[in-house]
Amino acid sequence: MLNGIGLGMLYFLLAVGLTIIFGLLQFVNFAHGAFYLLGAYLTYDFVERGMNFWLAMALAAVIVAIVAGAVEAILLRRIYKLPHTFHILVTVGIALFIQEMVIILWGPLGGSVAAPEGLNGVIIAGDFIYPKYRLFMIAFTAVLAIALYWALERTRLGAIVRAGSESAENMGLLGYNTLRINTLVFAAGAGLAGLAGALVAPIRGVEPFMGIEALSIAFVVVVIGGMGSYLGALVAGILVGVVQSLMATIWPEGARLMIYLGMAAVIVLLPRGLFGRA
């Protein structure tokens with residue numbers, strides 16, 4: 001259960017950026033997994049160069065956000081009003097470009113990242129033994145989830161983002177620079193994906209194709225939770241993580257299969273997802 005909750009919080013962190021981007025821009029970003037991949041590899045590279053893990057993690061997330069903001073401002077904003085097929089083609093191309101650049105820069109074999117000092121052991125309580133870093137990850141992502149909710153629901157910036165998702169035209173008439181808001185939201189969503197990649201690096205290491213797997217999981221979480229729903233991303237992320245973890249114990253070969261079966265059931269029974277509005 002703890003492994004499942006930890007996985008689920010990571011899945012939430014990965015999916016919430018995707019769902020925020022969709023909620024504001026109505027744009028399906030197939031490059032989201034590539035930003036997760038880039039965050040993991042930047043953390044790996046910085047740690048290999050001797051940088052403190054915490055600084056490496058923060059710096060990786062910021063760099064990913066800056067790269068994503070530049071991509072949105074230079075390329076993606078030109079295709080928002082085009083059919084969704086163009087969105088898919090362009091973002092898949094961006095994802096493949098980032099993946100190939102990772103292979104060129106860091107090689108095709110991947111690597112490992114040591115857990116930060118102080119969190120590289122285990123906690124022993126009677127018969128219960130559990131890695132310190134995984135417990136930290138659960139606590140950290142829980143605090144981050146609360147902070148994100150507060151930022152979206154209780155701040156002026158969050159109100160602007162939510163209003164923009166309802167009517168970008170009216171926000172423009174009120175004098176807000178909707179293009180700048182779009183860029184900031186896209187960068188923040190990608191930065192969260194990069195942060196998820198940085199957090200997962202000490203657990204599973206890094207390899208060039210981890211972004212593909214992350215993208216598939218993110219879409220499963222978003223579909224189950226509901227497109228554009230923050231609460232849906234949180235609940236569905238934890239649900240998917242727990243199901244995957246429990247099934248890995250009961251039926252390892254079918255752990256991933258059960259996730260997709262669950263998604264198919266939600267699509268049939270609740271086409272909007274658990275908390276989706278559209």
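Scope of the values below: all heavy atoms of this structure, side chains included, with no hydrogens, waters or symmetry mates.
Follow the hydrophobic side-chain contacts under 4.5 Å out from Phe97 and you never reach Ile103; the two are in separate clusters. Both Leu215 and Ile88 belong to a single network of hydrophobic side chains, linked directly or stepwise wherever heavy atoms of I, L, V, M, F, W or Y lie under 4.5 Å apart. Residues Trp54 and Leu135 fall within the same hydrophobic cluster, defined by Ile, Leu, Val, Met, Phe, Trp and Tyr side chains chained together at heavy-atom separations under 4.5 Å. No single ILVMFWY cluster, assembled from side-chain heavy atoms under 4.5 Å apart, contains both Ile224 and Met247. When the side chains of ILVMFWY residues are joined at heavy-atom separations under 4.5 Å, either directly or via intervening members, Leu14 and Leu239 end up in two distinct hydrophobic clusters.
Side-chain atoms of Gln99 and Ile212, non-hydrogen and from C-beta on, do get closer than 4.5 Å to each other. You'll find the side chain of Leu76 stays beyond 4.5 Å of the side chain of His87, heavy atoms only. Between Val67 and Ile98 there is no side-chain heavy-atom pair separated by less than 4.5 Å. By the 4.5 Å heavy-atom criterion applied to side chains, Phe27 and Thr91 are counted as neighbours. Side-chain contact between Val102 and Val206: absent, with no pair of heavy atoms (C-beta onward) separated by less than 4.5 Å. Asn29 is listed as a side-chain neighbour of Phe186, based on a closest heavy-atom distance under 4.5 Å. Looking at Phe46 and Ile63, their side chains come closer than 4.5 Å, going by heavy atoms from C-beta outward. With contacts defined as side-chain heavy-atom distances shorter than 4.5 Å, the pair Trp106/Pro208 does not qualify.
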Any chance you could lay out the side chain to side chain contact (heavy atoms under 4.5 Å, CB included) test for Val221 and Leu18, step after step, and finish with the verdict?
CA-CA 10 Å; Val221 171; Leu18 191 64; over 6 Å; no

Check against side chain to side chain contact (heavy atoms under 4.5 Å, CB included), Leu82 and Val90
CA-CA 11 Å; Leu82 296 178; Val90 172; over 6 Å; no

For a side chain to side chain contact (heavy atoms under 4.5 Å, CB included) check, start with the C-alpha distance between Phe53 and Leu119, then their side-chain angles and the critical distance, and finish with the verdict.
CA-CA 11 Å; Phe53 174 81; Leu119 294 175; over 6 Å; no

Pair Val122-Lys132, side chain to side chain contact (heavy atoms under 4.5 Å, CB included): steps then yes or no
CA-CA 5 Å; Val122 297; Lys132 292 180 181 178; 5.6 Å; no

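To the nearest 0.5 Å, atoms CG (Leu13) and CG (Leu192) are separated by 5.5 Å. Between the CD1 atom of Ile5 and the CG atom of Leu10 there is a distance of 12.5 Å, given to the nearest 0.5 Å. In this structure, Lys81 NZ and Phe86 CZ are separated by 15.5 Å, a value rounded to the nearest 0.5 Å. Distance OG/Ser112 to CD1/Ile203: 13.5 Å, rounded to 0.5 Å. Between the CD atom of Glu207 and the CD atom of Glu213 there is a distance of 7.5 Å, given to the nearest 0.5 Å. Remark: Leu7 CG to Thr141 OG1 distance equals 10.5 Å, nearest 0.5 Å.
Here the closest heavy-atom approach between residue Ala190 and residue Phe35 is recorded as CB-CD1, 3.6 Å. Shortest non-hydrogen contact noted between Tyr44 and Gly110 is OH-O, 4.4 Å. Considering all non-hydrogen atoms of both residues, Ser245 and Asn3 come closest at OG-CB, 3.5 Å. Of all heavy-atom pairs spanning Ala95 and Ala31, the tightest one is CB-CA, 4.0 Å. Taking every heavy atom of both residues into account, Ala193 and His32 meet most closely at CB-NE2, 3.5 Å. Residue Thr43 comes nearest to Met57 through the heavy atom pair OG1-CA, 4.1 Å, listed as atom of the first residue, atom of the second, then distance.
No more than 12 heavy atoms of other residues, nucleotides or ligands shown are found within 6.0 angstrom of CZ on Arg180. By the 6.0 Å contact criterion, OH on Tyr149 is open, its count of non-hydrogen atoms from other residues, nucleotides or ligands being 12 or less. Other residues, nucleotides and ligands contribute over 12 non-hydrogen atoms within 6.0 Å of the OH atom of Tyr260.
Between the side chain of Tyr133 and the main chain of Leu199, a donor-acceptor pair closer than 3.5 Å is present.
Between the side chains of Thr183 and Arg77, at least one donor N or O lies within less than 3.5 Å of an accepting N or O. Checking Gln244 against Tyr11 by side-chain atom types alone, a donor-acceptor pair falls below 3.5 Å.
Ring centroid separation for the pair Phe12 and Tyr230 comes in under the 6.0 Å cut-off.
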